[in-house]
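Report on the structure given below.
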Amino acid sequence: MTTPNPTQIIIRDNVRHPQTCGHLDTQKIFNLTGVQLPFSEVFIYSGAIKHIKKNHPGVFEQYGHLIPTIVTSPDFVGKNPKEPNSVELYKIVNDHLLLAIKCDPSGYLYVSSLYTLNNGPYKIQKRLASGRIVPYV
């Protein structure tokens, strides 16, 4: 299967069907975090886009186009200790972004949130020091 270039994937906020955001390198994520994900394809649903727009105003409008790039090439990857079967992808652009991806029990990966980290440089350093996240190298 050929994976599309992330710059060719467009996430639209006005559609009702699930949209593919890209494919995770699940083996690399497992090697770095110990999180075993059963699939590589990541979807985003209209409910997640509504959540992002409502709870994190302006983030989707400013950074939504980067979701496919974050999925395929984050700067850091980690796991939320409160969310099993999930992975957090971090990307540093103008802001420090966190893209949360969860595994649905029925067997697919989906974006659950995208937001900017307040005091991002400090939080990245703290999470690196604690081992919650690691560089995606």
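The first residue of the sequence shown is numbered 1, and numbering continues consecutively from there.
- Taken to the nearest 0.5 Å, the OG atom of S46 stands 10.5 Å off from the CG atom of D13.
- Residues D25 and Y136 bring no donor and acceptor atom of their side chains to less than 3.5 Å of each other.
- At distances below 3.5 Å, at least one donor-acceptor pair connects side-chain atoms of N80 with backbone N or O atoms of K82.
- Each of T72, I29, V77 was checked for a side-chain contact (heavy atoms from CB on, under 4.5 Å) with L24, and the lone residue meeting it is I29.
- At least one side-chain heavy atom of R12 sits under 4.5 Å from a side-chain heavy atom of Q19.
- Separation of atoms CD (Q62) and CG (L114) is listed at 10.5 Å; rounding is to 0.5 Å.
- No side-chain donor-acceptor contact under 3.5 Å links H96 and T116.
- In the hydrophobic cluster analysis, where Ile, Leu, Val, Met, Phe, Trp and Tyr join through side-chain heavy atoms closer than 4.5 angstrom, Y90 is grouped apart from Y122.
- L117 has its side chain within reach of R127: a pair of non-hydrogen atoms, C-beta onward, lies under 4.5 Å apart.
- Both L66 and V87 belong to a single network of hydrophobic side chains, linked directly or stepwise wherever heavy atoms of I, L, V, M, F, W or Y lie under 4.5 Å apart.
- The distance from atom CG of L89 to atom OG of S73, rounded to the nearest 0.5 Å, is 10.0 Å.
- Of the candidates L32, L128, V134, L128 is the only one forming a side-chain contact (heavy atoms from CB on, under 4.5 Å) with F76.
- Criterion: ILVMFWY side-chain heavy atoms under 4.5 Å apart, direct or through other members. Under it, I133 and Y115 are part of a common hydrophobic cluster.
- Here the shortest heavy-atom pairing between S40 and H23 reads OG-ND1, 3.1 Å.
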Inset, instruction - Check the pair Y63, D95 against side chain to side chain donor-acceptor pair (under 3.5 Å), reporting the backbone distance first and the verdict last. - result: CA-CA 10 Å; Y63 298 115; D95 286 307; 2.6 Å; yes
Inset, instruction - Quick one: do K79 and S86 satisfy side chain to side chain contact (heavy atoms under 4.5 Å, CB included)? Show the steps, please. - result: CA-CA 6 Å; K79 56 185 175 182; S86 70; 5.6 Å; no
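- Under a 3.5 Å cut-off, the side chain of T20 and the backbone N or O of G22 do not form any donor-acceptor pair.
- Distance CD1/I70 to CD1/I101: 9.0 Å, rounded to 0.5 Å.
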Inset, instruction - Output, in order, the C-alpha distance, side-chain angles, deciding distance and verdict of side chain to side chain contact (heavy atoms under 4.5 Å, CB included) for T26 and F39. - result: CA-CA 7 Å; T26 55; F39 301 99; over 6 Å; no
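- The hydrophobic cluster containing I9 also contains L109, counting ILVMFWY residues as joined when their side-chain heavy atoms lie under 4.5 angstrom apart, directly or transitively.
- The cluster map of Ile, Leu, Val, Met, Phe, Trp and Tyr, joined by side-chain heavy atoms under 4.5 Å apart, puts L97 and Y110 in different clusters.
- Counting only heavy atoms from C-beta outward, the side chains of I11 and I49 approach each other to under 4.5 Å.
- Counting heavy atoms from C-beta outward, C103 and P38 have side chains that approach closer than 4.5 Å.
- Taking CG of L98 as the reference point, atom NE2 of H56 lies at 9.5 Å (rounded to 0.5 Å).
- No donor-acceptor distance shorter than 3.5 angstrom exists from the side chain of K102 to the backbone of Y108, with no hydrogens or angles considered.
- No side-chain heavy atom of V35 sits under 4.5 Å from any side-chain heavy atom of F30.
- If you check the side chains of Y45 and R16, you find no donor sitting under 3.5 Å from an acceptor.
- Environment of NZ in K28: crowded, with over 12 heavy atoms of neighbouring residues, nucleotides or ligands closer than 6.0 Å.
- Taking CD of E61 as the start and CD1 of I52 as the end, the distance is 9.5 Å to the nearest 0.5 Å.
- Using a 4.5 Å heavy-atom threshold, the side chains of V111 and C21 count as touching.
- Shown here are the salt bridge (Lys or Arg N to Asp or Glu O under 4.0 Å) partners of E41, two or more places apart in sequence or in another chain: there are none.
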Inset, instruction - Using the side chain to side chain contact (heavy atoms under 4.5 Å, CB included) rule, take R132 and K126 through it: C-alpha gap first, then chi angles, then the decisive distance, then the call. - result: CA-CA 9 Å; R132 177 174 171 171; K126 185 176 173 185; over 6 Å; no
